[in-house]
Amino acid sequence: MELYQSQNLKIHNSLSGKKELFKPLNEGRIGMYVCGPTVYSNVHLGNCRTFMSFDMIFRYFKHLGYKVRYVRNITDAGHLVDDGDDGEDKIAKKARLEQLEPMEVVQRYTIDFHNILQKFNFLPPSIEPTATGHIIEQIEIVKDILDKGYAYEKNGSVYFDVAKFNETNDYGKLSGRKLEDMIANTRQLTAQNEKKNPQDFALWKRAEPQHIMRWPSPWGDGFPGWHLECTAMSTKYLGETFDIHGGGMDLKFPHHECEIAQAEASYGQSPVRYWMHANMLTMNGKKMAKSTGNNILPGEIFTGENSILSKAFSPSAVRFFMMQAHYTSILDLSNDALLASEKGYHRLMEALDILSSIVPKGVSDFDVQAWKKTCYDAMNDDFNTPILIAKIFDAVKFINLLKDGEKWINASDLKELQNTLNAFVFDVLGLVDKSDNADDSDKLSGVVNLLIELRKEARDNKDFETSDKIRNQLDALGIQLKDGKEGTTFSLS
RNA sequence: GGCAUCGUGGCCGAGUGGCUAGGCGCAGCUCUGCAAAAGCUUGUACAGCGGUUCGAAUCCGCUCGAUGCCUCCA
């Protein structure tokens, strides 16, 4: 029996606005699609938060024993720079500015994306398809939508006819908008374009002569509209209807709304059963975005080379910080918040370390089964990682009392506690034990331990001048000595 | 202007009609030659004003404020 059979997982469905009991289309299997990045610049921390939320969700599904097909795309064409469908392709623009082939831009930033995600300990998705790899599929969908009368061609471009679609379907149901309101609130566009209505969006765009990224189509050379790739790829790998579609909150409109429209127009059914949206990461109270410059790159956090934070933070510390907030809440990044999370993260890792050396004894003072259930309850309530972490800290406190000999635990409970903590901390939250990436070589620890020994001799002789000199100079080198009951240990800061 | 979300103690952040998370900081204590580290203990709260209720921070209304989307963005 798989774990999921005994758990009632509830998911906040953006489409209904409610928490719903999760039941996959096919027992034991989950299809999940998440909108990936447009690879025209370095991935910033806000992007990472969204992908981290879905990484945690992916991990919990796997932990529950589901077989998950997780598709996360790479947008390498079709995403326009500005004003609706009139702008330049983002990739093409960057290529022009940097005098590179578009595919050089794509390659460079795809590699950056993967590097950063690896540092954050993300699990790779099952499939990572690209827009340019699915041009044929996209053209087929455009043809289909044209055939069904929900699109029109104009000068080599094809647009989705939102008004027509809205006669029979509900355009705006995901984002809570009404087409009439949108029409009423449309700003006057200075440049009149080919669209019948401003709400219409491009399925296929004609390529101007200077446009490098172009593919032949029944309507002439062009390139696909941004919304189309996700419909093409999600359908191809997950079917016309699948379980979960995720992405950042800012994609809700228009991107996801348009995906729904495309799929309903083409396949006659709503494509997604559970829509999930991860909320924004802000910095100084403002949304982080590439376009506004209010952002920080993950690499700058790991190295400390930035003007916003007082020091460098490890990927796990940042991950822990993000996991302390619910994925549907706005999270504000600040130096103080990161410092606080880093300390908490270290405390957690210390406790796990202590737990591995605890000797079982006597009758347990801790109801491991009841505690374990509260951990699952937290996760089953729409992936409430902040509550899970609070529960984990209940265990941390107990572990510290075990160490002090004030509480006891029997052998089977100890094993259960260890297994459960490892599962949630490492498998589900995706944290990494800090000792795994510590660079203290055997030689270094040999040298420091020798100094610790010398210092102890000096202290035993009450030669505090010598002992303090050793301590202070090591500290200046970034090696901190910690005097405990069982002797002195050290850590690198 | 329209739509939406939110406003929780020094900071970050959960949650909920009555049992009032958690992390960090502060304070006290233990340990220590001193310090650091570590551990233990522990206050302080639900933007404002009305209303519903036996009871609201939690529901309703209004006011103020913030943010997001409405135009590229995770």
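Protein chains get the first letters and strands the later ones, always in sequence-line order, with residue 1 at the start of each. Note that this is a predicted model, so its numbers are computed, not measured.
- Across B:U8 and B:G22, the matching C1' atoms stand 14 Å from one another, rounded to whole Å.
- Ion pairing of A:Asp377 with A:Lys391 is absent here, as no side-chain N (NZ or NE/NH1/NH2) approaches a carboxylate O to less than 4.0 Å.
- Between A:His256 and A:His277, a ring centre-to-centre spacing shorter than 6.0 Å is recorded.
- Rounded to a whole angstrom, the distance from the P atom of B:A45 to that of B:G10 is 9 Å.
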Quick tally for nucleotides 3-16 of chain B: nucleotides whose base has a protein heavy atom under 4.0 Å get B, sugar-phosphate-only ones S, the rest -, giving S-------SSSSS-
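- Residues passing the side chain to side chain contact (heavy atoms under 4.5 Å, CB included) test with A:Ala232 are A:Glu137, A:Gln138, A:Ile141, sequence neighbours excluded.
- Between the side chain of A:Asp381 and the backbone N or O of A:Asn384, no donor-acceptor pair lies under 3.5 Å.
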With B for base contact, S for sugar-phosphate-only contact and - for none (protein heavy atoms under 4.0 Å), nucleotides 30-38 of chain B reads --SBBBBBS
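- B:C60 and B:U44 have their P atoms separated by 29 Å, given to the nearest Å.
- Taking the P atom of each, B:C46 and B:A57 are spaced 8 Å apart, rounded to whole Å.
- With C1' as the reference atom, B:A56 and B:G17 are 6 Å apart, rounded to whole Å.
- Between A:Asp460 and A:Lys456 a salt bridge is recorded (basic side-chain N to carboxylate O distance below 4.0 Å).
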Note, RNA chain B 5' to 3' with Watson-Crick or G-U pairs under 3.5 Å encoded as ( ), [ ], | and . gives (((((((..(((.....[...)))..((((.......)))).....(((((..]....))))))))))))....
Distance-only check: which donor-acceptor pairs under 3.5 Å involve side-chain atoms of residues 467-474 of chain A, not counting sequence neighbours?
residue  : atom : partner  : partner atom : Å
A:Ser467 : OG   : A:Phe464 : O            : 3.2
A:Asn472 : ND2  : A:Asp468 : O            : 3.1

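- A:Leu417 contributes atom CG, which lies 5.0 Å from atom CH2 of A:Trp371 (distance to the nearest 0.5 angstrom).
- A:Arg455 has a carboxylate O that lies under 4.0 Å from a charged side-chain N of A:Asp483, or vice versa, which qualifies the two as a salt bridge.
- When each of B:G22, B:C70, B:A74 is scored by its nearest atom to the side-chain atoms of A:Phe253, the top-ranked nucleotide is B:C70.
- Heavy atoms of A:Lys397 sit under 4.0 angstrom from primed sugar atoms or phosphate atoms, though from no base atom.
- Between A:Leu174 atom CG and A:Ser16 atom OG the span is 10.5 Å, to the nearest 0.5 Å.
- A salt bridge links A:Lys311 with A:Glu342; the closest basic N to acidic carboxylate O contact falls under 4.0 Å.
- In this structure, the side chain to side chain contact (heavy atoms under 4.5 Å, CB included) partners of A:Asp365, at least two apart in sequence or on a different chain, are A:Phe398, A:Lys407, A:Trp408.
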